[in-house]
Amino acid sequence: MAIIDTHAHIDQLEDLPGAMARAHEAGVSDIVAVSVDLPSMQKLLGLAASCGQPKIHPALGVHPGMVKPEAQQACFDFLRANIKQACAVGETGLDYWYKWVRKDEVERRKQKDSFAFHLDLAREFDLPVVIHSRGAWRDCLQMTVEAQVKRVLFHWYSGPLDILDKIVEAGFYVSTGPSVAYSPESRRAMGHAPIGKILVETDSPVNYKDGEGSFMAEPKDVVRAWKALAQLKDLDEQQLLESLNANAKAFFRI
Ligand SMILES: [Zn+2]
């Protein structure tokens, strides 16, 4: 058995060597390691070169919550100079979750400018793009379609079903993590999405608040997402795993 964690912040894990060993033991073969800012991009490129098992595939980008105008140019320069070492652009996107952002035109403009740069880069280098779209699903989809990026992943999708339909129609993907075991929004979205368009991930080190108790995720917990998804979809676990792996390999070309 091998499984791929398609979204983890491994540079933020407290015990990285331990987490890698536990992931390997749990059957995790590959991890897509996403970045959020310039220091994490630099750190991940180093980790990808030094880690053995599981295999680390860095994705380079600036998280919408981490966009700083004073650091923007340095981030863009670094991205352009190093993007050929990445399996994807991300995580990037828009985050309108908080009310102050929805009210702050300048903040939204700042996020959109950064997102637009990432989308152009993905198109130019024919790379997939990993999108954080919390509360901003509609704008993320519109910008992505307009930018004509081909391989697109709406990570941890828990948004409206009408937008999910448009994401799937466009040929894009969605992913889910361990929250698919208990979160009504995740379950509704993943119940609706076709199996051929779903990837699994952990977004480690997120603290998940499952009814049975909370836990701090690390890449091995992608197994929880897979098994909960199999139960939700009423599918054979092995059959689902084959589909999840095929989707991840086709999407990231790993
Ligand atoms: Zn993330």
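All values below come from the heavy atoms of this structure, side chains included, with hydrogens, waters and symmetry mates left out. In each ligand, atom 1 is the first atom listed, and ligand 1 is the first ligand listed.
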Undergrad: Tell me how many protein N, O or S atoms are closer than 2.8 Å to the Zn ion (ligand 1).
TA: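 Counting protein N, O and S atoms closer than 2.8 Å to the Zn ion (ligand 1) gives 4.
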Undergrad: Indicate the ring-plane relationship of F117 and F76, choosing parallel, tilted or perpendicular according to the 30° and 60° boundaries.
TA: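 F117 vs F76 ring planes: parallel.
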Undergrad: R224: which residues meet the side chain to side chain donor-acceptor pair (under 3.5 Å) condition with it, sequence neighbours left out?
TA: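 Testing R224 for side chain to side chain donor-acceptor pair (under 3.5 Å), a comparison that skips the adjacent residues, returns D221.
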Undergrad: Test of understanding: with side-chain contact (heavy atoms from CB on, under 4.5 Å), list the residues that count as partners of K249, not counting sequence neighbours.
TA: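 Per chain and number, K249 pairs via side-chain contact (heavy atoms from CB on, under 4.5 Å) with I4.
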Undergrad: Are the side chains of I83 and L60 in touch, meaning some heavy atoms are under 4.5 Å apart?
TA: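 Sidechains of L60 and I83: in contact.
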Undergrad: Applying ring-ring contact (aromatic ring centres under 6.0 Å, His included) as the test, list every pair that has at least one member in residues 195-215; sequence neighbours left out.
TA: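 Pairs touching residues 195-215 that pass the test: W156-Y208, Y208-F215.
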Undergrad: When you look at K233 and L240, which way does the side-chain contact (heavy atoms from CB on, under 4.5 Å) test go after all the steps?
TA: CA-CA 9 Å; K233 294 283 212 187; L240 174 63; 5.7 Å; no
